[in-house]
Amino acid sequence: MRAALGAAWRWALLVSLVGVIDGEAGCRFPAHWAGSWFQSGVPLVRINASHIETKGECLQAAGDKFLIEDKSENCFRCVVIHEKHANVLQYKETYCDEKQSLDDLCSLITGDATLFSMLRLDPPAGPVACPFKGPFTFTYNRGSGECWSPVSRIDSCTDESRLLLRYQACPDVHGTESTVEELVCLATWKEGSTRYLIGKVFHKMATSDEDRYRCFVYDHKQSNGRSMFEVAQSGDATCNGLLSPTEGSRTMKLTKVENSKSRCRYPNWVTEHHQWHTLDLSRSYHFSHKNATLRISHSGPEMRVICHNATESHHQVTIVAHTTSGCNSGYVCMRFYKRDGHVIELQQSNNTVQVAEEACNPEYFPHTTLPYTTLITATLHPRKCPYLGRYTVTGLHENVPQQLHHHKRKKRAIVRSKRQDESNTEPDCDVENFESLSVGCTETLDTMDFYSCNSEAVSAYSCHGNWEENGTSFLIASPVSRKSTGARRYCFIYTHGGNKGDGSILYNDAKWKRDTTLHVSTATESCHRNITPGISGHRVFNLTMIGQCAQAASTGAVSATAVLLPSVFFIIIIVAVISNLR
Ligand SMILES: *[C@@H]1O[C@H](CO)[C@@H](O)[C@H](O)[C@H]1NC(C)=O
Ligand SMILES: *[C@@H]1O[C@H](CO)[C@@H](O)[C@H](O)[C@H]1NC(C)=O
Ligand SMILES: *[C@@H]1O[C@H](CO)[C@@H](O)[C@H](O)[C@H]1NC(C)=O
Ligand SMILES: *[C@@H]1O[C@H](CO)[C@@H](O)[C@H](O)[C@H]1NC(C)=O
Ligand SMILES: *[C@@H]1O[C@H](CO)[C@@H](O)[C@H](O)[C@H]1NC(C)=O
Ligand SMILES: *[C@@H]1O[C@H](CO)[C@@H](O)[C@H](O)[C@H]1NC(C)=O
């Protein structure tokens with residue numbers, strides 16, 4: 001029994017040894033080669049641990065030499081594979097032949113044998129940073145002469161693995177045309193003194209991977225103190241015949257565009273807070289790099305905005321800035337307005353232009369019609385509210401968003417019908433039905449308290465800054481305790497409805513007249529200018545003044561002191577009870 005087992009074991013060992021000697025069990029490609037690869041002229045190539053689709057099964061390996069059996073053709077070949085980059089394999093191979101030793105077969109590869117390139121599809125680590133970082137101007141030659149006038153241009157994208165090449169057509173050079181190509185850099189490596197780049201070029205004429213994958217040879221130089229690159233591009237999806245940066249299907253000479261030495265900075269009142277947010281917090285504006293760079297982030301790609309020229313006047317600054325968003329770049333005009341401590345506003349041109357001097361032309365920057373973006377700091381500080389006093393609230397309702405009811409602007413009453421309330425013995429008081437408001441009637445003057453019909457429910461807002469513009473007032477406020485569905489910040493927009501008494505309108509808080517009315521609308525994204533207070537906007541209502549903070553409210557109005565005093569006594573009693581317990 002023991003002997004039989006021993007014999008079986010020895011047999012198994014012998015078989016496995018023969019296998020190893022024969023190379024049939026031990027041939028493995030590096031694990032990280034596994035995956036799908038592109039090769040010019042060949043359908044998709046898949047590589048697994050021991051098999052290359054279109055070539056066959058690996059039988060034996062020695063360094064970068066592999067003996068591969070093509071079972072369908074019943075023949076063998078030597079393939080020498082060099083990994084140039086995690087995303088690039090290059091190889092040379094013999095014809096498929098009779099079985100020979102690995103070394104004998106591999107010695108048949110001559111120096112001038114064709115070099116094949118395989119490029120990884122969907123590289124796991126993604127693309128790589130491009131070796132040249134724009135902006136550049138460049139001239140190019142597609143074989144019929146150098147196109148240098150007008151000069152072409154390369155811009156970097158926000159993503160450093162992408163470049164945008166804007167080719168110009170030269171009238172005197174045949175075959176040149178004005179096109180835009182986007183280059184995604186996939187791999188770079190160096191061989192001797194030659195530097196290679198593999199990239200994918202996207203343009204409207206490129207419809208397949210065969211059109212898009214290109215090989216580049218490049219060289220970096222300094223010329224008259226300026227950074228330059230010479231670049232040769234392959235005519236097909238291989239690196240064949242690409243030997244120097246001055247010979248190729250297309251050659252280019254890149255010259256770095258030096259940043260203008262202008263010391264353009266965003267002004268202090270804009271940068272003293274590094275970060276600004278829109279009221280609904282959907283976008284943030286972040287200043288960095290010595291206050292010369294602004295990054296605007298929202299759901300799409302980040303926008304990088306570099307100050308180019310700033311003209312400051314009273315409480316406002318007009319800036320020409322170079323912006324990059326994805327691969328779109330150009331100049332925009334922006335105007336920042338200083339509003340109140342932690343509030344600024346911004347107008348920005350819609351589209352980019354390629355000439356800085358044109359960005360602020362009224363054609364591209366129609367400041368009378370461009371919308372305003374209201375920006376606030378991340379942490380808000382309480383400020384004194386405007387229009388201190390006590391008011392009755394009338395007509396409070398919420399406008400249904402216009403996109404839902406485009407044709408008829410519908411009002412959704414959040415006030416329950418009065419008739420319904422009257423029929424009940426105990427009125428069902430809707431806490432959202434605010435009937436009165438007291439503004440700044442606290443010690444710190446920085447809160448607005450809304451009272452509902454039962455005089456108890458209070459919705460409080462904290463004031464964070466206000467300003468007036470041509471008869472319309474704007475106030476930034478936030479709910480003191482927020483319902484999960486409500487907005488976090490509001491812009492209250494006011495106009496004066498006149499005074500029923502002597503007709504004089506005085507904005508000064510101290511002389512604020514009784515019976516003066518205010519029309520109010522709220523907005524949640526920005527302090528929109530196309531809103532008519534009391535008519536359109538998110539929530540609308542009218543306010544009629546009934547007294548100063550210090551005065552007791554007159555008939556028909558709810559007195560805040562009447563509401564607050566009992567609670568104050570209640571707190572005092574609790575405090576007294578607690579101290580007695582101690
Ligand atoms: C590799 O792929 C070949 C062909 O698809 C298949 O026959 C073989 O079993 C695979 N080997 C491994 C180790 O997955
Ligand atoms: C950026 O602006 C802030 C606020 O105005 C200032 O304190 C800071 O020194 C500025 N930084 C640079 C590098 O200019
Ligand atoms: C900035 O713009 C103003 C107004 O267009 C112009 O007068 C000024 O020369 C510009 N400054 C620079 C440095 O370009
Ligand atoms: C700016 O964009 C808005 C909306 O996208 C459009 O309604 C408006 O006409 C544009 N204005 C200009 C000057 O292009
Ligand atoms: C506010 O008053 C104005 C003018 O009296 C009126 O047109 C408007 O409809 C009122 N708004 C509300 C919400 O009641
Ligand atoms: C102020 O309002 C008047 C009348 O509506 C208007 O003609 C004028 O252009 C406005 N001014 C500003 C600076 O908005």
Side-chain angles (χ1 to χ4, degrees), residues 19-20 23-37 39 42-61 66-74 76-77 79 81 89 118 120-121 387 391-402 405 408-418 430 432-437 448 450 452-453 459 471-473 490-501 503 505 513-523 528 530-546 556-557:
V20 171
E24 297 198 11
C27 182
R28 284 278 179 272
F29 296 120
H32 63 272
W33 289 4
S36 301
W37 298 77
Q39 182 182 334
V42 175
L44 182 73
V45 180
R46 279 197 196 86
I47 300 181
N48 67 18
S50 62
H51 192 94
I52 300 181
E53 226 169 70
T54 70
K55 302 235 172 293
E57 192 74 19
C58 179
L59 298 184
Q60 194 183 344
F66 299 89
L67 179 63
I68 292 181
E69 180 181 10
D70 185 343
K71 289 208 167 96
S72 61
E73 300 288 324
N74 194 24
F76 301 82
R77 53 157 62 98
V79 185
I81 307 178
L89 298 178
M118 292 199 293
R120 189 184 278 281
L121 294 166
Y387 308 125
Y391 301 85
T392 52
V393 178
T394 51
L396 172 66
H397 65 268
E398 202 167 294
N399 284 316
V400 173
Q402 297 224 339
H405 291 270
K408 38 185 177 172
R409 194 171 61 227
K410 281 210 169 174
K411 294 172 175 183
R412 177 154 64 85
I414 51 175
V415 181
R416 283 194 201 152
S417 105
K418 274 261 155 60
D430 189 325
E432 293 282 287
N433 177 10
F434 304 125
E435 293 199 335
S436 65
L437 165 70
M448 300 192 290
F450 285 89
S452 66
C453 35
S459 182
T472 304
S473 298
Y490 290 91
C491 182
F492 284 72
I493 306 167
Y494 304 78
T495 49
H496 304 271
N499 185 303
K500 288 180 199 153
I505 300 169
K513 289 275 156 78
R514 220 175 144 80
D515 293 337
T516 305
T517 57
L518 287 172
H519 306 302
V520 188
S521 292
T522 67
H528 299 302
N530 58 358
I531 281 177
T532 312
I535 308 284
S536 59
H538 174 61
R539 278 188 181 184
V540 300
F541 51 92
N542 285 333
L543 294 174
T544 306
M545 190 176 209
I546 50 172

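In listed order, ligands and their atoms are each counted from 1.
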So is Asn48 polar-close to ligand 1, meaning N/O to N/O under 3.5 Å?
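Looking only at distances, the answer is yes, because the N/O contact criterion of under 3.5 Å is met.
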
Qualifying residues under ring pair (Phe, Tyr, Trp, His ring centres under 6.0 Å), relative to Tyr494, sequence neighbours excluded
Tyr387

Would you say [X] and [Y] make side-chain contact, with heavy atoms under 4.5 Å?
| X | Y | answer |
| --- | --- | --- |
| His51 | Phe29 | no |
| Arg28 | Ser50 | yes |
| Val520 | Val393 | no |
| Phe76 | Ile68 | no |

Under 4.0 Å from atom 11 (N) of ligand 1, do we find at least one protein heavy atom?
yes

Within a distance of under 4.0 Å, is there any protein heavy atom near atom 14 (O) of ligand 1?
yes

Would you confirm whether the ring centroid of Phe541 sits within less than 6.0 angstrom of the ring centroid of Phe434?
no

Is the closest N or O pair between Gly534 and ligand 5 shorter than 3.5 Å?
yes

Which of the numbered atoms in ligand 5 are below 4.0 angstrom from a heavy atom of [X]?
| X | value |
| --- | --- |
| His397 | 13 (C) |
| His519 | 1 (C), 2 (O), 3 (C), 4 (C) |
| Ile535 | 7 (O), 8 (C), 9 (O) |

Among Asn542, Thr544, Thr517, Thr532, which one has a heavy atom closest to atom 2 (O) of ligand 5?
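Among Asn542, Thr544, Thr517, Thr532, the closest heavy atom to atom 2 (O) of ligand 5 belongs to Asn542.
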
